[in-house]
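The structure displayed is predicted, hence computed values, not measured ones.
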Amino acid sequence: AARIALGAFATAALAALALGFVFVFDKGVLTVALAVAALAAAYVATRLDLVALRYAVAAIGFVVLGRLAWEPRIVGEALGATPILNWLLFGYGAPALAFGLAARQMRLAGGEDLPVRVAQSLTILFAGLLVFFETRHALNGGDPYEPSSSLIEQGLLATSALLFAIVLTRLDLRRASPVFNIASVIFGVIAVALAALGLAFARNPFVECRAVEGGTFFNALLLAYLLPAALAAVLMRMSRGGRPQWYVTAAGVLSLALLFLYACLQTRRFFHEAVICEQQGAEDIEIWAYSAVWLALGALLLLYGVWRQNQGARIASGLFVLAATLKIFLYDMAGLEGLMRALSFIGLGVVLIGIGLLYQKLVFARRPSAGGGGPDVV
């Protein structure tokens, strides 16, 4: 009874202190104060070993979540246009940090129970909302409710989702947690949805006649396609052996699809100005360049796969070479004339011969067996 009374008084004192900050200051201090009160309650719960206070931490978390749902901009129209250093950082960052520390305190003191998992879930949710609203706010002139979106924004959101998936997968592999496991899968699915709906169709500069920001090479395509493709490859490699096969395969397919889109769009950007939509047309040398780029990517992926003994890279290499082969035989043969047609077939022949020699010398190389018998395939 004494410990319960002491915990009640301590928590009430901390809550009163938080309310005092709210009364003294204005704007979005309520959200920060509630988050700090939850962290303080977690501290009291661990010091006095009060299970009821652990559940109070989770309850305060849902109160903070309701406050953010009521006004996601924290301070409404007074948010301003300053990127990063604004009330979004405090309104979402402080709860994310507070509930993360609270979850760690309670887990170290009493194990991983329901309140700890709720606090972990709220930490991930607040961190994800922070990145989402800060990105929207920074790229839309301070208005996170802007109905339109840009190619860079879609790319940054996909990149953020992949980064969350990578970090959560890493945490789950180090310390198995159903919260980290489910959250990593959710962020992976979000990344796939953003890539499929936003990058491949809605904000694809080939479909949408909007100028690609940046120069010929250093432009929005790097952030929107190449960076997410690299992160998806990292996620695939990290997930192998610790995630379901469908998740690993989906990450690999996402990486390959984004790399293919980047190669095509960047090639088109090289031959055109900032607007690269379908209405711009294409000359013979540009059509030939697609085959050359695909074959070059296939060769590079094959070299990487042989060097790192990575079967996935070799499969991706085969897909690029297959796409180039089909294009050359089904399109270039009829669509190109003269020198361009000849260069397409010559390039294809050289690459195929090189791939055959590489497989013969390195992938299917033979060496004497350990027992001194006949050669065995490596």
Side-chain angles (χ1 to χ4, degrees), residues 195 199-201 204-209 212 214-222 224-226 228-230 232-233 252-308 310-364:
L199 298 177
F201 295 103
N204 188 331
F206 184 74
V207 178
E208 182 186 39
C209 285
V212 177
T216 303
F217 294 102
F218 296 98
N219 50 47
L221 300 175
L222 283 170
Y225 295 97
L226 187 58
V253 171
L254 176 62
S255 175
L256 186 61
L258 290 174
L259 180 61
F260 180 78
L261 286 171
Y262 174 75
C264 297
L265 294 173
Q266 180 56 48
T267 302
R268 188 165 178 80
R269 176 65 183 87
F270 180 78
F271 289 98
H272 295 271
E273 297 296 332
V275 178
I276 60 173
C277 59
E278 185 179 6
Q279 287 79 357
Q280 300 299 110
E283 297 181 356
D284 285 356
I285 188 172
E286 179 185 343
I287 296 173
W288 172 84
Y290 292 117
S291 303
V293 169
W294 296 353
L295 289 173
L297 279 175
L300 290 175
L301 286 171
L302 178 59
L303 291 173
Y304 175 80
V306 172
W307 173 50
R308 302 290 296 181
N310 189 319
Q311 185 182 15
R314 296 204 302 270
I315 293 174
S317 166
L319 292 175
F320 272 103
V321 174
L322 177 61
T325 303
L326 293 175
K327 175 182 175 295
I328 289 172
F329 278 97
L330 298 179
Y331 185 84
D332 292 1
M333 183 179 294
L336 298 180
E337 296 180 356
L339 180 62
M340 291 296 101
R341 182 192 297 179
L343 287 176
S344 293
F345 282 92
I346 291 172
L348 176 62
V350 170
V351 171
L352 292 179
I353 291 172
I355 290 174
L357 291 174
L358 186 62
Y359 268 90
Q360 182 182 3
K361 297 295 184 181
L362 297 179
V363 181
F364 299 137

Can you give me every donor-acceptor pair (side chain of residues 294-303, partner residue at least two apart or in another chain, under 3.5 Å) with its distance?
none

For residues 274-288, run the donor-acceptor check on the side chains, cut-off 3.5 Å, and write out each pair with its distance to 0.1 Å, sequence neighbours left out.
| from | atom 1 | to | atom 2 | distance (Å) |
| --- | --- | --- | --- | --- |
| Glu286 | OE1 | His272 | NE2 | 2.9 |
| Glu286 | OE2 | Arg268 | NH1 | 2.8 |
| Glu286 | OE2 | Tyr290 | OH | 2.7 |

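Sorted by first and then second residue, the pairs that involve residues 319-331 and meet salt bridge (Lys or Arg N to Asp or Glu O under 4.0 Å), not counting sequence neighbours, are Lys327-Asp332.
Between the OG1 atom in Thr216 and the CZ atom in Phe271 there is a gap of 11.5 Å [rounded to 0.5 Å]. One distance of note links CD1 of Ile315 with CG of Leu322; it measures 13.0 Å at 0.5 Å rounding. Taking CZ of Arg269 as the start and CG of Asn219 as the end, the distance is 6.0 Å to the nearest 0.5 Å. Remark: Phe206 CZ to Leu265 CG distance equals 8.5 Å, nearest 0.5 Å.
The nearest pair of heavy atoms linking Leu259 to Ala229 is N-CB, 3.8 Å. The two residues Pro228 and Ala224 come nearest to each other via the heavy atoms CG-O, 3.4 Å.
The side chain to side chain contact (heavy atoms under 4.5 Å, CB included) search around Leu357 returns Ile353, Gln360, not counting sequence neighbours. Applying the side chain to side chain contact (heavy atoms under 4.5 Å, CB included) rule to Phe201 yields no partners; only residues at least two apart in sequence or on another chain are considered. With sequence neighbours left out, the ring-ring contact (aromatic ring centres under 6.0 Å, His included) criterion links Phe345 to Phe329. The ring-ring contact (aromatic ring centres under 6.0 Å, His included) check on Phe270 picks up Phe217, with sequence neighbours excluded. Partners of Leu222 by side chain to side chain contact (heavy atoms under 4.5 Å, CB included), not counting sequence neighbours, listed by chain and number: Phe218, Leu226, Tyr262. Checked against side chain to side chain donor-acceptor pair (under 3.5 Å), Asn204 has no partners two or more places apart in sequence or in another chain. With sequence neighbours excluded, the residues satisfying side chain to side chain contact (heavy atoms under 4.5 Å, CB included) with Ala200 are Leu261.
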Stepwise side chain to side chain contact (heavy atoms under 4.5 Å, CB included) test for Leu319 and Phe260:
CA-CA 10 Å; Leu319 292 175; Phe260 180 78; over 6 Å; no
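Without hydrogens or angle criteria, Ser344 side chain to Met340 main chain gives a donor-acceptor distance under 3.5 Å.
Within the 4.5 Å cutoff, no side-chain heavy atoms of Ser291 are placed close to those of Leu348.
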